[in-house]
Novice: 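One structure follows; several queries about it will come next.
Within every chain, numbering begins at 1; the chains are lettered A, B, ... in the order of the sequence lines, protein sequences first and strands thereafter. For the numbers below, each heavy atom of this structure counts, side chains included, while hydrogens, waters and symmetry mates do not.
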Amino acid sequence: MSTAQEAPTSHYVPKSQRVLACILCQQRKVKCDRKFPCANCVKSRAQCVPATLLPRRPRRKIPERDLYDRLRKYEDLLRQNNIKFETDDHALLEDDRPINDEHVNNSEEVDEPSPATTVKSSASTNAKNFWHAMRERYPGSDNDSGTSHEEATEATILGAWDQLFSNDDHLIFGARQTTVDLSSLHPEPAQIFKYWQVFLDNVNPLFRVVHTPTMQARVIEAIGDLKSMSPAFEALMFSIYCIAVVSILAEDFTAHFGAAKLGQNELVAKYQFGCQQALLNCGFLRSSDRDCLTALFLYLISVSMSTDPRSLSSMLGLAIRIAQRMRIDTESACAEHGVFEGEMRRRLWWALVHLDTRVGQLADYKPQTFTPIWDTRLPLNVNDADLRPDMKEPPAVHPYPTEAIYIVVRGFVADFIMNTSLHLDFVAPRLKPIAKASQQSLEPGKGELDALENMVEEKFLRYCSEENPLQFLTIWETRGFLTKVRLLENYINPSSLPRNEASLDKGVLYASQMLQIDTRIMASPLTKPFHWTSPYNFPFPAYIALANELRRQPFRDDAQQIWEVMSDNCDIRLITTFKSKSAFFTLFSKVIMLAWWARQKSGQADDMPEPRIVSKMKQAMEASGEDTLPLIEPKDGLGLEDPMTGFGSDQYAQQSAPQYPMPGQMTFNMDMNFGWPAVDWGVAQSNAWPGGQFL
DNA sequence: AAAGTCGGACTTTCAACAGG
DNA sequence: CTGTTGAAAGTCCGACTTTC
């Protein structure tokens, strides 16, 4: 055994710092020199993946009663065969089983968490179960114990469905292609480790729907025999390949995978096809397997960047419905599955809610998932190493940031927003009575946001380190999100009426802050692993707010600063967000060009150099053959007065800005003729509160 | 012949327990 | 608290198979 060295991986730091043989050496059962990369991996040009220590299972205890039963059985066998033996009759002949010995007979089941000890179901919040109700209505209808009878009845019915509807999986992904040998679609073992590592680096920190230590063990086991993994696990593996490839930035792809036979897009398509087939294999529409739903979730994220948000939202509805059938939206149902499984279910539910909400915003749909009609509690602030499949007691929650800090803070913020009257006024006013009472006493809007901001800073962010990539992301994404909420609240909250210069200046302040925070996140090398999600977080509302203000007051004192802030952000965003000529880019560039055009056409002397963002827009538009002039030219001067201010009545604005029955009549003063279906300015278009826009 | 696979003996670790 | 126990986790030898 080698001496302890520093653990080489940052994902999962076990208590012990011992260094294990790398995964490939473990797999090959050969000596590993424990350098990373190790000699064997260097020799075979394989990706050297450090192994992580598996959480130790507690020793299996065979219940006393079971031991006695077995002993009796063997003694009987000895007697039957006339073999003499000595026995402590006193101990064995008496049936001295403890009165309260409720151990199950099957010793294999001893390690299973006992629902009775782990469930603290709240009667008031627990939805009734039909089978349970039947049992209560007609007691004594059988000799079986209550729960098992209900389960048996339920299982019988479900089994009957299985037989009645043998194959309905083609509903979504088409018919299962029986000619496809899925095992041939898996990557090479060394590549599988690579994808796994990429997944751990780029994806899992943001969702934590995969438990690293147990999954790693399963991955190693599966690689040994790709043909015999369970269908649900195979779907999960494929979804990990999908999302891993998607999460690698295009410019890094060659560095990761060399000159592969297939390009990145082809590779994604291959694994997405494999994932679809694997999902069909496990009957994902009717499955209640968490691996299966996790696979569907990761698959949907992997297609999200290349799918119309409306289609994606529909597919997510499917996933949400499956999750609801599995009752992972119900705390007591999660708790029934024990500490480990329950926690993983909570993480999955929250991940689904976040994605559904975000995609719903893009698709101009208000998902009901982002309302307090379910009660799955927040994920715990614990490391994966603290969670073990066999644990009976919940792990101690850390006061300091753990691997789960991102999902914990995101969940905390979402949970708060979901219960604010500001949010419920927009999405479901009738739910206000069931929202958390503690938040109802706060003043809608500002009071609520102040309280949230203070709590988040006090409870989480002040413990986070800017040196740690995930914690850095957590700090700034949370602050950025809260600034975004303030920006939008500033425009839509009726209480801030009448609009005046002060409120508009606040809008400019919030929008500038939002862009600066986004620039900070995007510019930091620490967040690079997570840049693949950046298109989702494009600070479009900030650009719109600033551009509108610059159109209204092209020569305001801080105009140059505002252009600078936008240019700084654009320097980074232009590369990371806009891949090519797209409808979104067209829209975005028009917004910016209109603002610049307003200044140019004013006739005032202007010594401010052309902002970088404008130069870049022009270059990009010229390169794609687009006209750099605004699409619609105002007839009489410029649309300087913004309808959301209530100042003046600009002909251009009145003609082009759509009328929405909004609090504060908030519309952004820009023409809406760019053909962009339902963009992230949800506020302007859909009367939606953007609380959930926090992927 | 070199490289890869894997049965299984062996070592290490550490939770659980016993005893002071 | 310390020492002991023993199950589980981890290691890797060496026989065997596959590949080039």
Novice: Take atom CD of A/Q26 and atom P of B/dG7, then tell me their distance rounded to the nearest Å.
Specialist: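 It is 16 Å, rounded to the nearest whole Å.
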Novice: Quick one: side chain to side chain donor-acceptor pair (under 3.5 Å) partners of A/K459, sequence neighbours excluded?
Specialist: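 Scan of A/K459 (side chain to side chain donor-acceptor pair (under 3.5 Å), adjacent residues dropped) gives none.
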Novice: Once you round it to whole Å, what is the distance between C1' of C/dG10 and CD1 of A/I220?
Specialist: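 Going from CD1 in A/I220 over to C1' in C/dG10 covers 11 Å.
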Novice: Grab the stems for DNA chain C, please: at least three consecutive Watson-Crick or wobble pairs, both distances below 3.5 Å, written as range with range.
Specialist: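 Runs of three or more consecutive pairs: B:1-19 with C:1-19.
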Novice: Taking side chain to side chain donor-acceptor pair (under 3.5 Å) as the test, write out the residues that go with A/H398, two or more places apart.
Specialist: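 Scan of A/H398 (side chain to side chain donor-acceptor pair (under 3.5 Å), adjacent residues dropped) gives A/D386.
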Novice: Among residues at least two apart in sequence or on other chains, which ones pass side chain to side chain contact (heavy atoms under 4.5 Å, CB included) with A/Y400?
Specialist: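 Side chain to side chain contact (heavy atoms under 4.5 Å, CB included) list for A/Y400, sorted by chain: A/Y463.
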Novice: I'd like a table of donor-acceptor pairs (distance under 3.5 Å, sequence neighbours excluded) in which one partner is a side-chain atom from residues 21-32 of chain A, with atom names and distances.
Specialist:
none

Novice: For A/E457, give me all partners under side chain to side chain donor-acceptor pair (under 3.5 Å), at least two apart in sequence or on another chain.
Specialist: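 Here the qualifying residues are A/R479.
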Novice: A/D289: what forms a side chain to side chain donor-acceptor pair (under 3.5 Å) with it, not counting sequence neighbours?
Specialist: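 Partners of A/D289 by the side chain to side chain donor-acceptor pair (under 3.5 Å) criterion come out as none, since no residue qualifies.
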Novice: For A/I23 and C/dA9, what is the distance between atoms CD1 and C1' respectively, to the nearest whole Å?
Specialist: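 From A/I23 CD1 to C/dA9 C1': 14 Å.
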Novice: Nucleotide by nucleotide, 5' to 3', does protein get under 4.0 Å of the base (B), only the sugar-phosphate (S), or neither (-) in nucleotides 13-20 of chain C, counting heavy atoms?
Specialist: BB------
Novice: Determine the contact category for A/C32: base if any of its heavy atoms lies under 4.0 Å from a base atom, sugar-phosphate if only primed atoms, P, OP1 or OP2 are that close, otherwise nothing.
Specialist: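 The answer is sugar-phosphate, as A/C32 gets under 4.0 Å only of primed atoms, P, OP1 or OP2.
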Novice: Expressed as a whole number of angstroms, how long is the span from A/Q27:CD to C/dT11:P?
Specialist: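 My rounded result for the distance is 13 Å.
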Novice: Between A/R325 and A/S287, what is the shortest heavy-atom contact and its length?
Specialist: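 Nearest heavy atoms, A/R325 then A/S287: NH2-O, 3.1 Å.
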Novice: Taking distance alone, no hydrogens or angles, what donor-acceptor pairs closer than 3.5 Å link side-chain atoms of residues 291-298 of chain A to residues at least two apart or in another chain?
Specialist:
| unit_1 | atom_1 | unit_2 | atom_2 | d |
| --- | --- | --- | --- | --- |
| A/D291 | OD2 | A/R218 | NH1 | 3.2 |
| A/D291 | OD2 | A/R218 | NH2 | 2.7 |
| A/T294 | OG1 | A/R290 | O | 2.7 |

Novice: Taking atom P of B/dA3 as reference, at what distance in whole Å does atom CG of A/L24 sit?
Specialist: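 From A/L24 CG to B/dA3 P: 15 Å.
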Novice: Could you check A/Y241, A/F233, A/Y195 and say which one makes a ring pair (Phe, Tyr, Trp, His ring centres under 6.0 Å) with A/H186?
Specialist: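 Only one of A/Y241, A/F233, A/Y195 forms a ring pair (Phe, Tyr, Trp, His ring centres under 6.0 Å) with A/H186, namely A/Y241.
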Novice: Whole-Å distance between C/dA8 P and A/R388 CZ?
Specialist: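 Value for this atom pair: 12 Å.
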Novice: Rounded to whole Å, please give me the gap between NZ in A/K43 and P in B/dA1.
Specialist: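 To the nearest whole Å, that distance equals 16 Å.
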